[in-house]
Amino acid sequence: MKKYDDTSKASIIDFAKKLRGQTLREACGKEIEAHGIQGKGNFGQILEKYYFEYPINSKAEPDFPKVGIELKSSPLKVLKNDQVRAKERVVLSIIDYLKVHEEHFETSSFWQKNSHLLFVFYLHSKDEYLLDYLIKLVDDWEYSADDKRVIRHDWEIINQKIKDGKAHELSEGDTFYLGACTKGSTAMKSLRVQPFNDEKAKQRAYSLKPGYVNHIIAKIAQAETGVYGKLFEQPAVLCANLSIEEIVNLHFKPFYGMDVDNILKKLNVKPNKNAKNFLASLTKAILGFESNQEIEEFVKADVQVKTIRLQENTLPKESVSFPCFEYRSLIETDWEDSEFKSILESKFLFIFYQIEGKKLFLKEAKFWNMPNADILEAKQVWDVTVKNIKTGKIVKEVTKTKAGKKKRHTYFPKSKHNRISHVRPHAKNSHDTFDLPVADNKTGVTEYTKHCFWLNNRYVRDEICLK
DNA sequence: GCATGATCATGC
DNA sequence: GCATGATCATGC
């Protein structure tokens, strides 16, 4: 006898929710121990076969075809502060380059399969067997009207690129909530034919970006924290049917060419001009938010907002920093799963301010994402950094400044070594450190000042500002 | 004048 | 106390 009624949404969802607080081993009984299923899709496949008891398939129709629900299982990770986040993006269906360009969103195979999802989120642990992962959150998911609009727009951006014969240039950062992520074990194996260009393209799948998955998790856990502001809820743009990019442009364009004091006057706000986050506050104010508000759409899309001060010669005054890395976890993570790669694959919003005399003018706000070839070039910086840390090759020389302060010169890649990126300190001071997995060869120290990857200011000028 | 090492201000 | 988003300061 069936354990649930596969013609009833409520029955399926209720049956799924019984998984909460259990492991697969507990939920499926003894026969699961001899499951014999290998490979990467394991958790989801066992869930389908032994809990829901339907044959594993990769059909175009949803997993529960009679009610149009697609089952998705996905891992969670726990942060240092005990909060729960998505461990990775959620991968949806493969993009069929040869067919999708003939489709319309509402009737597309993507929307037919993925418009109503049923999520099973489990706690991932590298110390445990997957049958013993604890299932934390289970619920179904349908997109809000605003979210669906963004996702449709994303789907169309991906489609347009295929129609333009640029499937090989697709990249996660092209879109907001719905990404085109690579799919397949090795690059060579996953090369596919595209319809409007002889060049083969990497196989890709539609995916929900980690930021969007975190949004789903927070909703299901009913634990929406933080002070959010929504671009889509501001009076001026309500019902206007605009894309995120259009809304952002609408806010910034009236202030192009205006100096900062004037913008402050027009907006009637007074952020602390001496604070280092002054321009970040001003950017928020231009978008219509308080400086302590997170912009929900940007969080969901993993958009990296960066404000840049251009010198009179247009070279950014500073390079662009990212969060500092832990030496130990940096060398334990493959490039494919690395924080740095996922940052570089993000969509960026750059806001350029230009110094002229004693004044600062708003020049332009620009969405941007890094081309795949440049991500590979930046990987060299990551490679050298990982190798240095693994071999304890950190300190090259220690000198003293005139004031008698110690200055340590390192072997980390400098901005001259790579067109795109370099590694530099990012710490409170030189005593603000992380442990080294291998003691430094030269000095023997076992901890070192926190460092991070930076985007070279020249690269920002040449490839983002001036293009 | 720029590259690089060092550090700051804010908010949670 | 720390992450974030930055700027400062020195010396080549």
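Hydrogens, waters and symmetry mates are skipped; everything else that's a heavy atom, side chains included, is used. By convention in this document, chain letters (A, B, ...) are assigned in the order of the sequence lines, proteins followed by strands, and residues within each chain are numbered from 1.
- Two rings, from Phe412(A) and Trp454(A), have their centers 6.0 Å or more apart.
- By the 30° and 60° cut-offs, the orientation of the rings of Phe340(A) relative to Trp335(A) is perpendicular.
- A side-chain donor-acceptor contact under 3.5 Å links Asn388(A) to the backbone of Tyr411(A).
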Exercise for review: For ring-ring contact (aromatic ring centres under 6.0 Å, His included), just list the numbers for His451(A) and Phe325(A), CA-CA rounded to whole Å, side-chain angles, deciding distance to a tenth of an Å, and then say yes or no.
Suggested key: CA-CA 6 Å; His451(A) 277 59; Phe325(A) 49 70; 7.0 Å; no
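- Residue Asn456(A) holds its CG atom at 8.0 Å from CD1 of Ile420(A), rounded to the nearest 0.5 Å.
- Atom-to-atom, CG of Asp432(A) to P of dC2(C) comes out at 7 Å; the value is rounded to the nearest Å.
- Aromatic rings from Phe119(A) and Trp141(A) are positioned such that their centres are separated by 6.0 Å or more.
- Contacts of Thr449(A) with the nucleic acid, taken as non-hydrogen atoms under 4.0 Å apart, are absent.
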Review point. What one-letter contact string describes nucleotides 3-12 of chain C from 5' to 3', where B marks a base within less than 4.0 Å of any protein heavy atom, S marks contact via sugar-phosphate atoms alone, and - marks no contact?
Key: SBBBBB--S-
Exercise for review: Apply side-chain hydrogen bond (donor to acceptor under 3.5 Å, both in side chains) to the pair Tyr206(A) and Asp154(A), showing each step before the final yes or no.
Suggested key: CA-CA 10 Å; Tyr206(A) 297 106; Asp154(A) 288 339; over 6 Å; no
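- In this model, a donor atom of one side chain and an acceptor atom of the other lie less than 3.5 Å apart for Arg408(A) and Thr449(A).
- The stretch residues 379-393 of chain A has no heavy atom under 4.0 angstrom from DNA chain B at all.
- When the C1' atom of dG1(B) is taken as reference, atom CD of Glu312(A) falls 14 Å away, rounded to whole Å.
- Mapped onto DNA chain B by nearest heavy atom, Arg458(A) and Ser430(A) fall at different nucleotides, with Arg458(A) at the one closer to the 5' end.
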